[in-house]
Structure formats: structure tokens, C-alpha cells
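Here's the structure, in C-alpha cells; my notes come after.
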Amino acid sequence: MSKIFQSVKGTKDILPDETPRWRVLEQTVHDFMNRWGYKEIRTPVFEQTDLFVRSVGKDSDVVSKQMYTFLDHGKTSLTLKPELTAPVIRAYIQYNIALSGGVTKLYYIDSLFRQERPQKGRLRQFQQFGIEAIGSPHPEQDAEVITAAYRLLQELGIRTMTLKLNNIGNKSSRVRYRDVLIEFLSDHLDRLSKTSQERIKTNPLRILDTKNPEEQTILEKAPHILDFLDEDDRKHYDEVLTYLDQLGVPYEQDHQLVRGLDYYTRTTFEIISPKLGAQDALCGGGRYDDLVEDLGGKPTPAIGFAAGIERILLAMDEKNMDSLEPAPRIYLAAASESARSTIFKLGIDLRNAGLFVDFDILYRSLKSQLREANRLNCVSAIIIGEDELIEGVAQVKDLQSGEQTPVDLDTIADYFLP
Ligand code: HAM
């Protein structure tokens, strides 16, 4: 027997009964972004590996453990994109997308690839939508992006969620904090996991979002990053909080929210859902004021977020997604062998005229054709047999009432079109 193939571990087929929910979600995102003034960008599936090493950071989990990397013709190292901020900034610099003096507001809906251990809400190929607002250093921009994430999730039918917010300062305040944190953690070295002991050397701030209960207890007494912010960072943070208060967006301050990607500066945030298990982040983002310059562009502040679509679909209110109205369908049924070719041609003609039409190509009996019409929830059937062919008409049957009306074959499209 030949081998039956399965989809690869951590990947998911989106089957026909699920695609309507995806389409409603995607359309809601497109409409929302249009209203908020964001323009869509699409980037290639793979990029030079170095782009991610230099932006996301070589010690981050994404770069050190999760990338799908391969050699092109045995020479250039390429990587399937594990995230979209770096590719979008690469394109922003490459095509000089910067509007003269304005803020460039971009959004995307796309597939990403990370070699993670698959579990509920965690896949190896997953989809995100997200935005990048490039050009403004001001707290209003942070508040706009965070509010966009929150309101869009609400529009998608997420009822319960928590927005977590932090400010991790600029590079130099982070260096100061890092030293103090290392000193604090060194006193508890024997109680830290192997991973955290490694991370002290590579990326100590990441230890702050450990899920290990013992480490969490230790960290309760750890110094707070907020105490190491300089005056400008502190002012920026306070103003972001004030704007969110004014906009009615509820948040929780979480001084341990450092995020796993290295490009962040100042504001970081996540929105989590109690409906998900361990992988509870619906969305994550923050400011990355140094990234454009680090990737070779002019110094340009920026902030963005990305949200995981599979997780949103798990967390959202089911009812909300039934709004894709099925188009009223018409079924063409042949009541005699001789009518089959007329039915076939008429079916295609009616589709060309803009109608939603199905017909039989299995040469089934009239009875089973009408059964099929009911299965497909068709509203009407057009039935043609010997007599109708001779008279140049079709019987239009209302499948609800059973009522039947003869209609001229020449005018049948007009009969159905509004
Ligand atoms: P991230 O936190 O790595 O951020 O991912 C954002 C969201 O993508 C997560 O909150 C989660 O919902 C979803 N996600 C991440 N990994 C997986 C996975 N393996 N399976 C399913 N869903 C997943 C970023 O990607 C940043 N680029 C966000 C950003 C944009 N920051 C600034 N601008």
C-alpha cells in the first residue's frame, strides 16, 4: 500500500468549514486598518538570516533555537520569516517608504515560521496580523498603537482580555538595570534552572518572564526596571498611561514584561486571554526606536504589535464569526439525459452572469439531484427535461414552498438577477 502523507507536525490545514471564520477575521482587520490609516504591506516568505540575527538578537530563543534556516545554492543563508517587524523595516529602508516628514503606518496579515514545541495555540507555521507605525517618538503614538490592538481584538469578539504594560527604558538604562539584576540573581544561583543559569550570561532580563514557580518567588524581591528609567523614559511612560486612561483602555502595569525579541526600547505590552492555556498571549508589541538605524536606515523611532490569529480564533466569542452570509444558491437539474448538455452550458452561463449556481456532473437521477440541492441549501432549482427543451423553457422550483413556475430559457438570468 502506498504511504498516506500527513501534514507536518506543528502545521495546520484550514479546511473548508473553517475558512469562512478566517475570511471574516481578515476582512475585519482590513476594514479596521483602513479606518485607522494603515496601509498593507506584503514581504517575501524568506529573508537573509542575518536580518533576524541583527534585529531579533542572536541570543533570543527565536534566533538561537527556532528559525528554519537553509542554504540557497549552498551559499547564502536564508530563513523563513519567524516574525515581521524586521522584514517590514528592511523594506521600509530598501524602498525609502518614509513619507516626507510623516509617520509611515503599515499593516500585514501573514504566515510565520518558528520551530517551537507544538501545543495548544503554538504552531510551527502560524499567522499574525500586525502594525508598524514608523516615525513618531511621542507617547500619543504608543497610545494609538496599543489602543488599536485593544479595540481590534474587541471588534473581533474578544470579550475578556488583560493588557499588560511596561517600559524597559533606553539602552543605557537597561545596561544599568542588567548589572543590578545579575548581582541579585547571582545570590540565588543554586535555586535557578539550568536555562536561567545560562541566560544570566546571555540575556538576564529574559529570566524575568520565567514560568517556573520557584524562580517567580525569587523574582518577587528582584529590583524593578522602572526604578532604573531616566527622566525622559519615565515621563514618556507616564504620558502613555495618561493617554490610555483618557481613551478608556484598561491596563495592568507589569514590571517583568520584557518580551523575547531584542529590538525593544521603552514601551512593551502584551494582551493575554484567560481562555487560552499556557500560550495565553493574543498579541505582543512595543517600541523599537533603534531598529531602523541598526538596520542601516536613518535614526527613526517606531512602535508596533503583532497578534496571533490561531490564538484569537481559539479565544473569540463563537457567535461573532457566523456573519458570512451564504449566497443564495440555485441548483440546475436535468430531468432527462437529453437536457444534460443544456444544463451544463446554462449553469456556466448563469455563473458568468453573476449567479451562484450548482449542477450535477455525476449523471445522477433527478431525485438525487434534488436531494443534492437540499443538501447545499439551494433556494431554487431550475429543472429542464424533454418537454422543456422542446418549448424552450425551464421549470423554476421554489425549494421551500415547492411552487413551480415556467420561465423562458432566454430570460432566465434576468428572472434571478435583482
Ligand atoms: P511575538 O510576541 O513574538 O511578537 O508574536 C506576536 C504574537 O504572535 C504572539 O502574541 C502570539 O499571539 C503569536 N505567536 C507567536 N508565536 C506563535 C506560535 N508559535 N504559534 C502561534 N502563535 C504564535 C512579534 O512577532 C513582534 N514582531 C511583534 C511586534 C510588531 N513588535 C513590534 N512590532
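Both ligands and their constituent atoms are indexed starting at 1 by order of listing. Worth knowing before you read on, the calculation uses all heavy atoms, side chains too, and leaves out hydrogens, waters and symmetry mates.
- Of the listed options Gly284, Ala149, Gly304, Gly304 places a heavy atom closest to atom 32 (C) of ligand 1.
- For a threshold of 3.5 Å applied to N or O pairs, the pair formed by Gly308 and ligand 1 contains at least one separation below that value.
- A distance-only check finds no donor-acceptor pair linking the side chain of Glu310 to the backbone of Arg122 [under 3.5 Å].
- When the options Asp289, Asp230, Asp290 are evaluated for a salt bridge (charged side-chain N to carboxylate O under 4.0 Å, His left out) with Lys171, the one that passes is Asp290.
- The closest approach between any non-hydrogen atom of Gly130 and ligand 1 is not below 4.0 Å.
- The shortest side-chain heavy-atom distance between Trp22 and Leu313 falls under the 4.5 Å cut-off.
- Inclusion of Ala306 in the set of residues having an N or O under 3.5 Å from an N or O of ligand 1 is not warranted.
- The proximity of Arg259 to ligand 1, defined as any non-hydrogen pair under 4.0 Å, is limited to the side chain.
- Scanning all protein heavy atoms for the shortest distance to atom 12 (O) of ligand 1 gives Ala281 O, 2.8 Å.
- Every atom of ligand 1 is numbered from 1 in the order shown, and the set under 4.0 Å from a heavy atom of Leu261 is 3 (O), 4 (O), 24 (C), 26 (C).
- Aromatic ring orientation, Trp36 versus Phe32: parallel (interplanar angle below 30°, classes split at 30° and 60°).
- Using modelled atom types, one finds no donor on one side chain facing an acceptor on the other under 3.5 Å when comparing Thr76 with Gln48.
- Of the protein's heavy atoms, Phe126 CD1, 3.5 Å lies nearest to atom 22 (N) of ligand 1.
- Ranking protein heavy atoms by distance to atom 8 (O) of ligand 1, first place goes to Gln128 NE2, 3.1 Å.
- Proximity of Thr85 to Leu261: side-chain heavy atoms (C-beta onward) are nowhere separated by under 4.5 Å.
- Looking at Tyr288 next to ligand 1, no N or O pair under 3.5 Å apart turns up.
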Please step through ring pair (Phe, Tyr, Trp, His ring centres under 6.0 Å) for the pair Tyr107 and Tyr38, ending with a clear verdict.
-> CA-CA 6 Å; Tyr107 82 96; Tyr38 285 81; 7.5 Å; no
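- Any N or O atom pair closer than 3.5 Å counts here, and Tyr108 shares no such pair with ligand 1.
- With respect to atom 19 (N) of ligand 1, the closest heavy atom belonging to the protein is Glu116 OE2, 2.7 Å.
- Near Leu282, the atoms of ligand 1 lying under 4.0 angstrom from a non-hydrogen atom of the residue are 10 (O), 12 (O).
- At the top of the distance list for atom 20 (N) of ligand 1, counting protein heavy atoms only, stands Leu123 N, 2.9 Å.
- Within ligand 1, the atoms closer than 4.0 Å to a non-hydrogen atom of Gly285 are 31 (N), numbered from 1 in the order shown.
- Ring geometry, His224 versus His255: the interplanar angle falls under 30°, so the pair is classed parallel (tilted spans 30 to 60°).
- On a distance-only criterion, Glu310 and ligand 1 share no N/O pair closer than 3.5 Å.
- At a 4.0 Å heavy-atom cut-off, ligand 1 does not touch Phe113 at all.
- Using 4.0 Å as the threshold, Phe129 has no heavy atom nearer than that to any atom of ligand 1.
- Remark: aromatic rings of Phe344 and Phe359 are close, center separation under 6.0 Å.
- Side-chain contact between Arg174 and Ile225 is present, with at least one heavy-atom pair separated by less than 4.5 Å.
- Closest approach of Ile412 to Ala394, counting heavy atoms only: CD1-CB, 3.8 Å.
- If you look at Glu132 next to ligand 1, the close heavy atoms, those under 4.0 Å, all belong to the side chain.
- When the heavy-atom distances from atom 31 (N) of ligand 1 to Tyr263, Tyr264, Phe269 are ranked, the shortest goes to Tyr264.
- From the protein, the heavy atom lying nearest to atom 21 (C) of ligand 1 is Gly121 O, 3.3 Å.
- Residues Leu314 and Lys275 form no side-chain contact, since every pair of their non-hydrogen atoms from C-beta on lies 4.5 Å or further apart.
- Taking only nitrogen or oxygen atoms, main chain and side chain alike, Arg122 does not reach within less than 3.5 Å of ligand 1.
- Between Tyr243 and Ile146, every side-chain heavy-atom pair lies at or beyond the 4.5 Å cut-off.
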